[in-house]
Amino acid sequence: MTRGLSTGIIPPMNKYPFTQIEKKWQNYWESHKTFKASENAAVPKEKRKYVLDMFPYPSSQGLHVGHPEGYTATDIYCRYLRMTGHNVLHPMGFDSFGLPAENYAIKTGTHPKATTEDNIKRFTRQIKTLGFSYDWDRQVSTHTPEYYRWTQWIFLKLYEKGLAYESETPINWCPSCKTGLANEEVKDGKCERCHTPVYRKNIRQWVLKITEYAERLLNDIDKLDWSDAIKTMQRNWIGRSEGADVTFLVAGSREPISVYTTRPDTLFGATYMVLSPEHELVDKITTADKKDAVEAYRIQASKKSDLERTDLAKEKTGVFTGAYAVNPVNDKKIPIWVADYVLISYGSGAIMAVPAHDTRDWEFAKKFNLPIIEVLQGGNVQEAAHTGEGNHVNSGFLDGLGKEDAIKKMITWLEERKIGKGTVNYKLRDWIFSRQRYWGEPIPLVHCDSCGIVPLDEKDLPLTLPDVKSYTPTGTGESPLAGIDEWVNTTCPKCGGPAKRETNTMPQWAGSCWYYLRYLDPHNDKEFASRDKIDYWMPVDLYVGGAEHAVLHLLYARFWHKVLFDIGAVNTDEPFQRLVNQGMILGEGGVKMSKSLGNVINPDDIINDFGADTMRLYEMFMGPLQVSKPWSIKGVAGVHRFLDRVWRVSERELSREQPPAELVKLLHQTIKKVSHDTANLEFNTAISQMMIFINGIFKEELLYTNLWEPFVLLLAPYAPHLGEELWEKLGHSETLAYAAWPSWDENLIKEDTAEIVVQINGKVRTKLHLPAGTVKEELEKTAFAQERIQSLLEGKTVVKTIVVPDKLVNIVVR
RNA sequence: GCGAGAGUGGUGAAAUUGGCAGACACGCUAGAUUUAGGAUCUAGUGCCAUACGGCGUAAGGGUUCAAGUCCCUUCUCUCGCACCA
């Protein structure tokens with residue numbers, strides 16, 4: 001027996017044979033296909049539920065304790081739904097393209113497919129040992145050609161709609177992963193995956209026009225039943241702002257420069273302009289004598305990583321181009337500078353600087369001695385930028401106006417003269433969609449010398465990944481696919497002439513953008529999913545997963561779904577109606593679980609020592625699903641003790657007699673509480689109530705069937721193996737997975753006596769036990785009649801008395 | 001800096017609408033049992049006080065008969081964004 005070695009503590013003696021029980025029922029469910037879902041037309045729409053887990057990346061580390069948290073929550077909920085008469089779709093699959101398998105391939109030469117499929121096997125086994133009620137016949141893995149055929153198909157639709165384009169603009173380059181990254185994959189200027197600082201690099205990229213959907217992605221957030229935290233994050237990420245584009249002309253050359261500003265009303269205070277170092281006009285406008293200085297500055301700026309560029313924000317840098325622009329409102333000549341505090345990627349990459357009322361411009365102006373002109377009253381602009389409200393001054397036709405009016409008036413003025421217009425801007429940028437790596441979906445396009453870019457014909461999908469000799473990225477901006485001549489060289493689908501395949505692959509997010517649709521019809525080889533099945537199940541009723549996907553996966557998937565909606569392929573414009581983010585499970589003591597701290601818990605060990613039911617129950621008992629909470633092996637043992645007690649109770653002699661009224665009441669209270677809490681995903685308090693129930697009947701010698709049968713059904717979604725075993729012990733031959741959920745009788749729950757708290761000035765002085773429903777007058781009378789109350793009231797004046805039936809009497813005295 | 005969320009015993013936490021703060025569990029204390037037990041059972045366990053009683057939900061203020069819950073100020077922590085013009 002090696003039991004106990006793995007978790008480091010000796011587990012309680014195995015009083016209930018969880019190992020055998022769990023194996024037995026897992027086999028039963030699998031062989032009976034107990035949880036197979038089908039599209040039964042007789043079930044009305046509101047009784048169909050699609051409950052989805054975020055599918056895992058099958059890493060080589062296997063499952064960690066964070067995975068079962070969300071999976072257990074949805075599993076309990078699904079089992080509850082089935083027992084309450086719902087048709088439930090609950091699938092699982094794998095997000096199986098990704099860098100770790102490829103990096104491993106570079107190191108060892110093992111094909112990522114082999115690693116990935118081994119890991120999938122391991123994950124599947126681990127997930128199955130937890131007894132989740134997935135319909136495994138619907139499992140999908142995004143790396144299989146049967147799956148990515150349709151990922152490519154959707155890409156072609158995006159391309160057809162003009163939502164995919166090639167671009168050479170600078171992108172975030174991770175030198176360690178040797179690939180470009182989307183903005184969403186950069187955190188604090190570092191690669192989200194490997195924490196290497198990223199820098200900007202010009203690479204030919206495929207980009208998806210997510211910005212075209214920015215407004216809808218923003219507005220439709222309101223329709224979603226998601227946490228405010230995630231909704232706010234998405235809104236901030238989209239970052240809508242209203243303002244104006246204003247065109248300045250370069251003095252002399254009359255070259256137009258467009259700037260975006262949210263404060264066109266401060267135009268009279270614009271004392272200089274700034275172009276970002278990457279701005280295309282820099283070369284054109286820089287005067288001969290400044291060429292060297294400007295060029296040096298641009299080179300210096302381009303070498304900075306994003307991290308350096310933002311971290312060194314305290315000290316503004318910049319260089320004068322020698323050129324001047326004309327401020328269109330007053331025809332004043334203002335100098336044009338180049339500075340890296342202006343970003344090429346936002347607005348037009350150029351700004352009008354209003355140092356009096358913008359902190360960044362103020363700092364810059366102070367450093368380089370540029371004029372500061374106050375146009376809003378209320379501060380001392382020589383001392384600090386005044387960014388608050390104020391009436392306009394020094395602003396010609398805007399003088400005396402407040403912010404709102406002045407903005408409106410200025411926009412009208414600009415529009416009349418055709419030198420500007422009101423516009424909306426977004427922080428959201430287009431989604432850089434190609435990766436210079438091997439292990440991803442090939443992009444189904446070819447480059448033809450005579451026809452240009454030509455999409456593959458749908459019937460030629462999937463375009464499969466060829467085998468390569470070396471997985472090492474070239475690092476020059478081409479994927480390892482570029483080295484496979486026989487794959488790269490092809491013929492043009494349009495003209496039949498020689499052509500080259502696109503060698504970039506799709507980012508990992510591609511497959512997860514639509515997997516919830518493939519579950520609906522995973523074996524369909526005619527369509528990505530049949531419309532009937534989409535109509536039957538969509539949208540997803542409940543989606544549970546970690547908050548780390550707040551702006552990546554969840555925004556991308558919403559975008560693709562809207563595109564699919566627009567081409568008439570799906571029935572809803574949002575995929576995930578309700579979203580719940582589970583909290584993180586921390587190590588003992590509240591620190592993060594990490595390999596370096598050696599505090600990572602392997603679910604296999606817990607299952608070996610305590611059983612899957614204990615593992616499930618413990619993770620739900622720790623606290624509310626949505627919050628982070630620390631692991632405690634003592635807590636695991638405590639929950640195991642509870643299940644052990646349940647088992648021991650079940651071994652008592654069964655009695656068909658009517659149980660004592662007190663216990664019937666306890667049962668009905670328990671049914672009510674567990675029903676309510678399970679429906680609301682408040683599993684921790686539901687478990688507490690079941691513990692209270694067991695504590696209540698534990699003292700009895702007999703086990704009353706009338707109490708036990710309903711309780712077993714309540715427990716079953718939480719501890720399904722034990723539930724089935726106890727159900728069988730009660731003489732049932734069929735699974736309880738579809739047994740009717742117990743109902744409660746409100747009359748049996750009612751207490752017949754109420755404990756009434758008697759307070760004086762809000763402090764509890766005594767308690768009364770009176771029949772429930774006793775009228776106010778009677779309560780008040782009884783309260784005042786109490787000896788203790790009488791003595792405490794001596795010498796005091798009663799100001800008033802508040803009576804809450806069945807709750808309290810509060811006597812206010814002076 | 002901006003945005004969002006959270007602060008309750010020794011620990012994880014609970015508390016429909018403002019109505020007995022701390023359910024349930026861990027840990028701890030004492031006892032029972034001796035069946036190898038770190039198993040099981042019983043009782044106790046917010047803090048101060050021998051007691052009467054008092055004090056307690058980050059701190060301070062407010063509304064109210066009554067506040068963990070509502071309002072204001074401050075502090076701390078977590079998460080997200082971060083020169084977004």
Side-chain angles (χ1 to χ4, degrees), chain A residues 4 9-15 187-189 227-237 239-241 243 259-263 266 274 276 309-314 316 339-343 345-354 357-361 363-364 425-429 547-548 550-551 583-584 588-590 618 621-624 626-639 641-642 644-645 648 676 682 684-692 695 698-699 755-764 767 799-804 806-813:
Chain A
I9 79 155
I10 298 164
M13 201 168 94
N14 176 7
K15 288 251 177 56
K187 300 253 186 260
D188 295 331
S227 75
D228 285 335
I230 300 286
K231 291 210 248 187
T232 307
M233 274 195 235
Q234 289 221 345
R235 286 193 192 104
N236 290 346
W237 192 264
R240 183 184 197 273
S241 75
V259 303
Y260 172 72
T261 175
T262 54
R263 295 300 301 272
T266 60
V274 185
S276 107
R309 199 160 153 173
T310 52
D311 244 25
L312 303 173
K314 305 127 218 165
K316 295 269 183 294
D340 66 3
Y341 83 92
V342 173
L343 309 175
S345 48
Y346 186 75
S348 58
I351 61 154
M352 63 176 214
V354 184
H357 305 291
D358 181 284
T359 315
R360 299 152 302 182
D361 297 343
E363 286 169 2
F364 193 82
N425 235 298
Y426 301 92
K427 281 200 261 181
L428 180 71
R429 293 169 219 164
E548 66 273 19
V551 288
M584 240 199 307
E588 303 237 3
Y618 173 65
F621 186 62
M622 293 172 87
Q626 294 87 344
V627 308
S628 294
K629 48 234 160 211
W631 184 264
S632 156
I633 193 67
K634 291 265 174 61
V636 176
V639 163
R641 265 201 292 278
F642 164 67
D644 189 51
R645 275 183 144 208
R648 274 151 47 212
H676 174 270
E682 291 161 12
N684 54 330
T685 48
I687 294 166
S688 293
Q689 184 62 41
M690 289 190 269
M691 288 173 168
I692 293 170
N695 292 345
F698 195 71
K699 296 176 183 86
E755 190 179 57
I756 311 295
V757 176
V758 183
Q759 301 175 326
I760 293 177
N761 285 351
K763 296 203 164 149
V764 181
K767 290 172 183 181
V799 181
K800 67 168 158 177
T801 307
I802 286 96
V803 183
V804 182
D806 291 346
K807 285 256 165 74
L808 61 80
V809 177
N810 188 11
I811 303 163
V812 186
V813 299

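Letters A, B, ... are given to chains in the order of the sequence lines, protein chains preceding strands, and every chain is numbered from 1.
In this structure, A:I692 reaches the sugar-phosphate backbone alone: every heavy-atom distance under 4.0 Å involves primed, P, OP1 or OP2 atoms, never a base. Using a 4.0 Å heavy-atom criterion, one finds that A:F621 contacts the bases of the nucleic acid, with or without backbone contacts as well.
Remark: the separation of the C1' atoms in B:G7 and B:G22 is 16 Å, to the nearest Å.
Counting atom types as modelled, A:K187 pairs no side-chain N or O with a base atom of B:C81 as donor and acceptor under 3.5 Å. For A:K767 against B:C20, a side-chain-to-base donor-acceptor contact under 3.5 Å is present.
Closest to the side chain of A:T232, from the set B:G19, B:C83, B:A4, is B:A4. When the nucleotides B:C41, B:C55, B:A23 are ranked by their closest atom to the side chain of A:S688, B:A23 comes out on top. Side-chain proximity of A:K629 to B:G27, B:C41, B:A13: nearest is B:A13. Listed nucleotides B:C41, B:C20, B:A14 differ in distance to A:P624; the shortest reach to its side chain belongs to B:A14. Nearest nucleotide to the side chain of A:M691, out of B:A25, B:G12, B:C81: B:A25.
A cation-pi arrangement is present between A:K316 and A:Y341, with the terminal nitrogen or guanidinium carbon under 6.0 Å from the aromatic centre and inside a 45° cone about the axis.
Contact check for A:D361 versus A:M352: no side-chain heavy atoms found under the 4.5 Å cut-off.
To the nearest angstrom, P of B:A66 lies 8 Å from CD1 of A:I802. Atom-to-atom, CG of A:D644 to P of B:C41 comes out at 9 Å; the value is rounded to the nearest Å.
A close approach under 4.0 Å does occur between a side-chain nitrogen or oxygen of A:K800 and OP1 or OP2 of B:C65. Look at A:S241 and you'll find a side-chain N or O under 4.0 angstrom from OP1 or OP2 of B:A85. The side chain of A:R648 places no N or O atom within less than 4.0 Å of a non-bridging phosphate oxygen (OP1 or OP2) of B:A39.
Residues satisfying the side chain to side chain donor-acceptor pair (under 3.5 Å) test with A:N761, not counting sequence neighbours, are none.
Map A:L343 and A:I230 each onto its nearest nucleotide of RNA chain B; the residue landing nearer the 5' end is A:I230.
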